[in-house]
Protein chains: 2
Amino acid sequence: MLLLGAASTLVDGIHEGVRARGFTDLRPAHGFAFVRLAPDGATVAELADHLGVTKQAASQTADELVRKGYVERRPHPTDARARLLVLTARGWACTRAADESAEEVLRAWADALGPDQLAGVRAALSRLAVPGRIRPTW
Amino acid sequence: MLLLGAASTLVDGIHEGVRARGFTDLRPAHGFAFVRLAPDGATVAELADHLGVTKQAASQTADELVRKGYVERRPHPTDARARLLVLTARGWACTRAADESAEEVLRAWADALGPDQLAGVRAALSRLAVPGRIRPTW
DNA sequence: ACTATTTAGTCAAGCTGCTTGACTAAATTT
DNA sequence: AAATTTAGTCAAGCAGCTTGACTAAATAGT
């Protein structure tokens with residue numbers, strides 16, 4: 001319960017910070033998509049794999065992000081079937097907002113725990129096997 | 001991401017252990033209901049509050065658990081409007097299975113981390129403010 | 001005391017995010 | 001050059017949740 005509560009607090013805290021920075025039309029689930037798209041973009045299939053959903057569902061999520069101006073569909077450089085989903089300027093701005101928000105939450109935790117204990121938690125969790133996919137829906 | 005991954009691993013691990021013990025008709029969300037019902041039962045409204053959903057949704061969950069034989073609806077001892085949801089023998093058996101399964105996961109983590117480091121994580125998380133409600137759906 | 005309001009629970013309808021199934025076009029394998 | 005696989009979309013359906021409306025019991029107001 002402690003672990004689940006902490007995870008909830010983290011997700012909700014980041015979400016709240018992102019909202020406070022003006023991105024009010026996104027839900028936490030979109031953040032997980034941004035994580036995959038941020039570095040160099042990704043295809044719908046890659047996004048689906050990352051989110052642990054079908055490619056149809058991932059395509060719908062992508063549609064929504066395109067419609068709201070966070071993502072752009074570009075032709076794929078090497079595969080004419082595929083399309084590369086990449087962040088727009090707005091998408092990058094939102095990503096930065098999420099990073100700042102996450103830092104705020106972690107700073108609060110560092111204040112409560114001390115930096116050493118927080119680093120200890122991080123080190124411990126990193127030693128546990130963690131699934132590549134994030135499936136937040138139970 | 002480490003925290004979310006660990007939470008996912010924990011939930012999925014417990015769920016898998018419960019399934020392996022023969023309770024194949026439940027999802028992790030039901031486990032959160034059991035947590036609230038286990039000690040002395042609860043009303044639909046209390047369950048709704050615990051799960052962070054409307055009482056209509058909690059009532060549907062209760063219906064399902066009744067239909068599957070895990071929960072019983074009894075008249076409330078002091079309030080004729082309310083009905084007390086209590087676990088059946090099968091419900092208690094499932095609760096025990098979940099406890100065993102959780103112990104297994106934690107034992108695996110203790111093997112990976114050492115008992116001291118695991119206890120440290122537990123102590124650190126307990127110092128962070130944790131919401132009473134578990135909202136697993138992002 | 002008796003009226004007014006709140007509270008516990010259910011019924012009904014609707015929405016959202018996901019699923020399965022079917023399909024086209026491009027890439028890859030044989 | 002044909003057969004198969006892969007990327008993506010369209011369409012329909014489902015599960016779990018929501019809002020809204022209602023009944024009956026408890027509680028509050030005067």
Side-chain angles (χ1 to χ4, degrees), chain A residues 8 11-12 15 24-37 40-68 70-86 133-138, chain B residues 8 11-12 15 24-37 40-68 70-86 133-138:
Chain A
S8 270
V11 170
D12 291 347
H15 185 222
T24 57
D25 57 353
L26 294 176
R27 289 171 296 108
H30 297 126
F32 297 106
F34 278 59
V35 168
R36 183 63 182 83
L37 299 181
D40 302 299
T43 65
V44 165
E46 288 165 348
L47 181 61
D49 187 58
H50 175 74
L51 297 177
V53 298
T54 61
K55 54 186 183 175
Q56 292 92 326
S59 185
Q60 284 181 13
T61 300
D63 280 342
E64 184 183 349
L65 291 177
V66 167
R67 185 163 39 81
K68 292 180 175 171
Y70 294 97
V71 167
E72 224 176 39
R73 282 193 161 94
R74 296 209 184 150
H76 195 283
T78 65
D79 188 336
R81 296 170 301 179
R83 316 184 66 178
L84 197 61
L85 303 168
V86 296
R133 292 166 193 163
I134 300 294
R135 293 239 43 183
T137 306
W138 300 325
Chain B
S8 270
V11 170
D12 291 347
H15 184 222
T24 56
D25 57 353
L26 295 176
R27 287 170 299 107
H30 296 126
F32 296 105
F34 278 59
V35 167
R36 182 66 183 80
L37 300 181
D40 302 299
T43 65
V44 164
E46 288 164 349
L47 181 61
D49 187 58
H50 174 75
L51 297 177
V53 298
T54 60
K55 54 186 182 174
Q56 292 92 325
S59 184
Q60 284 181 13
T61 301
D63 279 344
E64 183 183 350
L65 292 176
V66 167
R67 185 164 39 81
K68 292 180 176 171
Y70 294 97
V71 167
E72 222 176 41
R73 281 193 162 95
R74 297 211 184 148
H76 194 283
T78 65
D79 189 335
R81 296 170 302 179
R83 317 184 66 179
L84 198 61
L85 303 168
V86 296
R133 292 166 193 164
I134 299 294
R135 293 238 43 181
T137 306
W138 299 326

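Every chain is numbered from 1 and lettered A, B, ... according to where its sequence line falls, protein lines coming before strand lines. Remember, predicted model here, so these are calculated numbers, not experimental data.
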Does D/dG16 have OP1 or OP2 sitting under 4.0 Å from an N or O in the side chain of B/R27? yes

pair B/R73-B/D63: side-chain heavy atoms closer than 4.5 Å: yes

I'd like a list of close polar pairs between nucleotides 21-26 of chain C and the protein, N/O only, cut-off under 3.5 Å.
from: C/dG21; atom 1: O6; to: A/Q56; atom 2: NE2; distance (Å): 2.6

Separation of A/R67 atom CZ from C/dT16 atom P, in whole Å? 10 Å

Less than 4.0 angstrom between a side-chain N/O of B/S59 and OP1 or OP2 of C/dT10, yes or no? yes

Would you mind reading off the distance between A/R74 atom CZ and D/dG8 atom P, rounded to a whole angstrom? 16 Å

Atom-to-atom span, CZ of A/R83 to P of C/dA27 - whole angstrom: 14 Å

Working note: B/R36 + B/D49, criterion side-chain contact (heavy atoms from CB on, under 4.5 Å); need CA distance, chi angles, decisive distance, verdict. CA-CA 10 Å; B/R36 182 66 183 80; B/D49 187 58; over 6 Å; no

Gap between atoms CG and P, on B/L84 and C/dT7 respectively (whole Å): 20 Å

Do A/L65 and A/L26 touch side chain to side chain, with heavy atoms closer than 4.5 Å? yes

Report the distance from atom CZ of A/F32 to atom P of C/dG17, rounded to the nearest whole Å. 15 Å

Is there a side-chain contact between B/T61 and the phosphate of D/dG16, meaning an N or O under 4.0 Å from OP1 or OP2? no

Let's go through B/V44 and B/R83 carefully: what are the C-alpha distance in whole Å and the side-chain angles of both, what is the deciding distance for side-chain contact (heavy atoms from CB on, under 4.5 Å) to 0.1 Å, and is it a yes or a no? CA-CA 8 Å; B/V44 164; B/R83 317 184 66 179; over 6 Å; no

Indicate, with a heavy-atom threshold strictly under 4.0 Å, whether B/T54 touches base, sugar-phosphate, or nothing. base

Base, sugar-phosphate, or nothing: which does A/A57 touch, judged by heavy atoms less than 4.0 Å apart? base

Nearest-neighbour nucleotide for the A/V53 side chain, C/dG17, C/dC18, D/dT9 considered: C/dC18

How close do B/G41 and B/V86 get, heavy atom to heavy atom, and via which atoms? CA-CG1, 4.1 Å

With rounding to the nearest 0.5 Å, note down the distance linking CD in A/Q60 to CD in A/Q56. 8.5 Å

Rounded to whole Å, how long is the line connecting atom CG of A/D63 with atom C1' of C/dG17? 13 Å

Measure CD/B/E64 against P/D/dC14 and give the value in whole Å, please. 17 Å

Return the 5'-most residue of the pair B/V44, B/Q60 with respect to DNA chain C, ranking by each residue's nearest nucleotide. B/V44

Give a yes/no answer on whether the side chain of A/R73 brings an N or O atom under 4.0 Å of OP1 or OP2 in D/dA7. no

Grab the two heavy atoms, one from B/L85 and one from B/A62, that are nearest each other, plus how far apart they are. CD1-CB, 3.9 Å

A/H30 NE2 to C/dT16 P: how many Å, rounded? 12 Å

